[in-house]
Amino acid sequence: MRISRLPLDGQLAAMTSVLQTNRALMHVLEGARSMDLPGWYVAAGAIAQTVWNSVTGRHPEYGIKDYDLIYFDPVDLSWEAEDEVIRKGREIFGALPVEIRNQARVHLWYEDRFGTPCPPYDSTEAGIDSFPCATCHLGVRLTPIDTWQIYAPRGLSDVFDLVLRPNPVLAPREVYDAKVTRWAKDWPELTAFPWPGIGT
């Protein structure tokens, strides 16, 4: 039976089993846990891509360009505060490509980068919910007692089925299209749904 057709508890068990095969990801998760950032997750692409690699029989770390470590700290929205966390991360993660971002301050730079305003988020989960590919609405973390916490508001079936779906809530179409184009080169088995309104 396909993993996507298992009951949710079976899918969650499969997810944690798959993620543990990626040594780099586990190092990031353990390092992130030691940083104890508020509301932290390792999120999005690296989580989905580890699953795609398992489903397609590739090495667990194949094609993963970076690991997104996100957190939510509304107390200090300065760049200096976030940069201090980034510098601490470099000491912990070494050469691993870990991108660290405080989701509480995304609204301060989002429009300059993507051309559309972003309302302030009220949680890390709200940041995940705005990612341009709904399939990558994923966040995972390890607790101090080695249990897993997985945030997956869209479920896990699409990621196991290699299906990409757009999320037009915030990001412009070209951001989703660029991700689809880039990912399809490494995982040609992916099936991508078009941006809403395309071809209709």
Side-chain angles (χ1 to χ4, degrees), residues 1-37 39-72 93 96-101 103 123-167 169 176 179-180 182-193:
M1 179 182 290
R2 295 209 313 256
I3 293 174
S4 62
R5 290 181 176 163
L6 292 174
L8 183 56
D9 58 343
Q11 292 186 41
L12 288 168
M15 170 71 85
T16 58
S17 178
V18 165
L19 296 182
Q20 289 177 80
T21 67
N22 184 334
R23 288 188 176 184
L25 173 60
M26 292 305 298
H27 182 70
V28 174
L29 285 165
E30 290 161 2
R33 177 173 58 185
S34 74
M35 294 176 74
D36 196 27
L37 298 169
W40 73 272
Y41 290 100
V42 177
I47 306 303
Q49 291 157 14
T50 300
V51 174
W52 300 341
N53 286 336
S54 176
V55 173
T56 62
R58 294 179 168 91
H59 188 278
E61 298 174 32
Y62 168 83
I64 298 176
K65 303 299 188 294
D66 56 38
Y67 295 83
D68 292 308
L69 170 55
I70 61 176
Y71 66 101
F72 188 82
F93 302 118
L96 276 174
V98 180
E99 296 286 335
I100 303 175
R101 294 290 179 267
Q103 297 300 287
S123 65
T124 319
E125 290 83 359
I128 292 173
D129 291 349
S130 74
F131 292 168
C133 179
T135 308
C136 295
H137 289 186
L138 300 167
V140 301
R141 60 186 171 216
L142 288 176
T143 72
I145 58 172
D146 284 332
T147 57
W148 290 79
Q149 292 182 337
I150 298 178
Y151 181 68
R154 304 294 188 108
L156 300 174
S157 293
D158 277 351
V159 71
F160 280 111
D161 279 343
L162 308 175
V163 171
L164 303 178
R165 296 183 195 272
N167 177 39
V169 169
Y176 173 74
K179 288 182 180 295
V180 168
R182 184 172 76 251
W183 293 340
K185 292 177 181 176
D186 286 328
W187 297 277
E189 301 90 346
L190 291 168
T191 297
F193 281 76

- request: Would you please indicate if the ring centroids of Trp187 and Tyr62 are separated by under 6.0 Å?
  value: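 Centroid separation for Trp187 and Tyr62: below 6.0 Å.
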Looking at side-chain heavy atoms only, is the closest gap between [X] and [Y] below 4.5 Å?
| X | Y | answer |
| --- | --- | --- |
| Trp40 | Thr124 | no |
| Leu19 | Leu29 | no |
| Phe93 | Met35 | yes |
| Thr135 | Arg154 | no |
| Leu142 | Glu30 | yes |
| Asp129 | Asn167 | no |
| Lys65 | Asp186 | yes |
| Ser54 | Thr21 | no |

Please find the pair of heavy atoms, one from [X] and one from [Y], that lie closest to each other, and give the distance.
| X | Y | answer |
| --- | --- | --- |
| Val180 | Ala192 | CG1-CB, 3.6 Å |
| Tyr67 | Ala46 | CD2-CB, 3.4 Å |
| Ser157 | Ser4 | OG-O, 3.2 Å |
| Gly155 | Leu138 | O-CD2, 4.3 Å |
| Ala152 | Leu156 | CB-CD2, 3.8 Å |

[X] [atom1] to [Y] [atom2] distance, which is reported to the nearest 0.5 Å:
| X | Y | atom1 | atom2 | value |
| --- | --- | --- | --- | --- |
| Trp148 | Leu12 | CH2 | CG | 11.5 Å |
| Glu189 | Leu162 | CD | CG | 6.5 Å |
| Leu69 | Arg141 | CG | CZ | 11.0 Å |

task: List for me each residue that meets side-chain hydrogen bond (donor to acceptor under 3.5 Å, both in side chains) alongside Thr50, sequence neighbours excluded, and say none if there are none.
output: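 Here the qualifying residues are Asn22.
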- request: Applying side-chain hydrogen bond (donor to acceptor under 3.5 Å, both in side chains), name anything that partners Asp146, two or more places apart in sequence or on another chain.
  value: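 Asp146: side-chain hydrogen bond (donor to acceptor under 3.5 Å, both in side chains) contacts with Arg33.
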Other residues, nucleotides, ligands: >12 heavy atoms within 6.0 Å of Arg5 CZ: no
task: Quick one: sort the Tyr41 and Tyr151 rings into parallel, tilted or perpendicular, breaks at 30° and 60°.
output: tilted
